[in-house]
Protein chains: 2
Amino acid sequence: MTTASDQTEPKRRGRRAGGEDTKAVLLDAAREVFIARGYEGATVRSIAAKAGVDAAMVNHWFGSKENLFAQAVLKLPFDPTVLVARLLDGPPEQTGDRIARNFTTIWDATGGGPFAAIVRSVTSHDGVANVLREFFLTSVFAKITEGLDVDRVELRASLCASQVIGMGMVRYVVKFEPLASADVDTVVAAVGPNLQRYLTGDIG
Amino acid sequence: MTTASDQTEPKRRGRRAGGEDTKAVLLDAAREVFIARGYEGATVRSIAAKAGVDAAMVNHWFGSKENLFAQAVLKLPFDPTVLVARLLDGPPEQTGDRIARNFTTIWDATGGGPFAAIVRSVTSHDGVANVLREFFLTSVFAKITEGLDVDRVELRASLCASQVIGMGMVRYVVKFEPLASADVDTVVAAVGPNLQRYLTGDIG
DNA sequence: CACAGATTTCATCACTTGTTGAAAATTAGC
DNA sequence: GCTAATTTTCAACAAGTGATGAAATCTGTG
């Protein structure tokens with residue numbers, strides 16, 4: 001709805017009048033459709049239709065559907081290191097709360113879109129599981145546990161990942177109520193302490 | 001590999017010699033392929049090939065790919081009520097441990113197959129999210145929280161679901177180490193107490 | 001053995017997929 | 001204003017999808 005053209009006219013050929021960059025329009029449309037349908041479910045034609053251009057533009061501007069997916073979804077919209085810095089900035093005993101608050105806030109801002117897109121494409125696309133692992137484990141949670149002076153840093157990191165990913169699944173993908181609609185403070189109060197135990201508590 | 005035929009002969013027509021039930025062979029093959037590839041990724045032809053029969057048998061025995069998916073994957077292989085009974089049988093303060101142990105043991109026994117299959121088909125197939133919700137929320141965790149005499153039963157149920165689903169995602173779908181390879185006791189010691197807090201603890 | 005019914009394969013349908021090459025229309029440089 | 005480069009649409013491809021109807025083959029009953 002955001003970028004579609006409602007015209008059904010015979011649509012004359014040739015270069016566009018000017019202004020809007022088709023490459024950017026395609027990226028937006030692709031992100032939207034990939035989020036809603038996953039990699040295989042999102043067809044090149046449906047993406048092009050939502051962008052209001054011909055399907056051939058995908059190959060012209062991105063070479064392949066594969067590459068469009070990488071550009072639109074796989075490429076992280078922010079730097080993990082600044083996120084880690086923000087999560088480590090504050091009292092160590094409240095790190096769990098900060099993790100819960102930051103992820104919930106960030107994902108809520110986009111309706112959970114990018115998260116859902118990646119999860120929904122975890123089968124279709126070979127690299128998606130690796131991207132997930134690289135981001136959650138290596139770039140974020142391993143960095144945090146390593147900065148906390150605790151034992152079993154890898155296990156603690158994967159446990160945190162399990163809770164954060166599970167929260168994302170329930171809140172944005174399968175949408176279990178009331179967690180799906182709970183406000184951020186409720187989520188932080190519920191999930192934060194459990195994350196804190198994974199980080200610094202006794203895990204057996 | 002389990003049910004395939006390695007023959008490349010011209011394969012004569014007509015009714016089979018006898019013995020193996022094609023319907024059951026197809027169900028096994030379907031489960032295997034749906035698990036590995038998701039609903040859209042698993043083609044009728046690939047399922048039939050793995051079963052060693054013609055693709056037309058799918059429509060002959062199940063009417064449609066849709067119905068085969070329902071029969072092979074969506075239909076729960078066990079009764080949720082007996083699971084709930086087992087989870088509630090014992091000291092209430094160890095319910096979290098029992099949940100962690102039971103789900104891990106059950107899923108480990110099948111390599112996490114059915115869980116992965118459902119998650120992987122959560123986009124492609126409209127009913128999958130509903131099946132997930134119906135099972136985890138309504139049939140299992142809501143029943144447990146209702147039997148525990150605590151407040152906010154729905155919120156606690158969805159929180160438990162988030163941790164259990166997250167554990168399943170990390171252990172069986174994206175496979176984050178070391179949680180993916182940790183033995184059951186380690187998982188129970190780590191996850192159990194967090195589930196217990198969601199069930200009977202102070203969640204804000 | 002004959003024959004009705006069940007089971008299986010085959011050939012094919014209509015449709016959708018990602019991709020490509022050429023033609024048409026527009027813009028930019030001189 | 002002419003020309004070259006860029007952008008866009010169109011038409012079509014080969015490959016693959018789920019599904020279907022008929023023919024071929026087997027089984028079971030009489």
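Labels below follow one simple rule: chain letters A, B, ... track the order of the sequence lines, proteins then strands, and each chain is numbered from 1. Note that the coordinates shown come from a computational prediction; the quantities given were computed from them, not determined experimentally.
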I'd like to know whether B:M169 forms a side chain to side chain contact (heavy atoms under 4.5 Å, CB included) with B:I165, so could you lay out the CA-CA distance, the side-chain angles of the two residues, the decisive distance to 0.1 Å, and finally the verdict. CA-CA 6 Å; B:M169 288 288 298; B:I165 290 176; 4.3 Å; yes
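- Between the side chains of B:N194 and B:R197, not a single donor N or O lies within less than 3.5 Å of an accepting N or O.
- Rounded to an integer number of Å, the gap from B:R37 CZ to D:dT17 P is 11 Å.
- For D:dT7, neither phosphate oxygen OP1 nor OP2 lies less than 4.0 angstrom from any side-chain nitrogen or oxygen of A:T22.
- The CZ-P distance, from B:F62 to C:dT7, rounds to 13 Å in whole Å.
- At whole-Å resolution of the value, OH in B:Y39 and C1' in D:dG18 are 9 Å apart.
- A salt bridge is defined here as a Lys NZ or Arg NE, NH1 or NH2 lying under 4.0 Å from an Asp or Glu carboxylate O, and A:R31 with A:D28 meets this definition.
- If you measure from atom CG of A:D21 to atom C1' of C:dT27, you get 15 Å, rounded to the nearest angstrom.
- Here the CZ-CZ distance, from B:R86 to B:R101, works out to 12.5 Å after rounding to the nearest 0.5 Å.
- The interatomic distance linking A:H60 (NE2) with C:dA22 (P) rounds to 14 Å, in whole Å.
- For C:dT7, the OP1/OP2 oxygens have no side-chain nitrogen or oxygen of B:W61 closer than 4.0 Å.
- By the 6.0 Å and 45° rule, B:K65 stacks over the aromatic ring of B:Y39.
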Please tabulate, one pair per line, each protein N/O and nucleotide N/O from nucleotides 12-17 of chain C that are separated by under 3.5 Å, including the distance.
none

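- Spacing between atom CG of B:D54 and atom P of D:dA19 amounts to 14 Å, rounded to whole angstrom units.
- Rounded to whole Å, the distance from CE on A:M57 to C1' on D:dT8 is 5 Å.
- Taking the side chain to side chain contact (heavy atoms under 4.5 Å, CB included) definition, one finds that A:V164 meets it with A:I99, A:F103, A:W107, A:F136, A:F141, A:L195, sequence neighbours left out.
- In this structure, B:K23 atom NZ and C:dT8 atom P are separated by 12 Å, rounded to whole Å.
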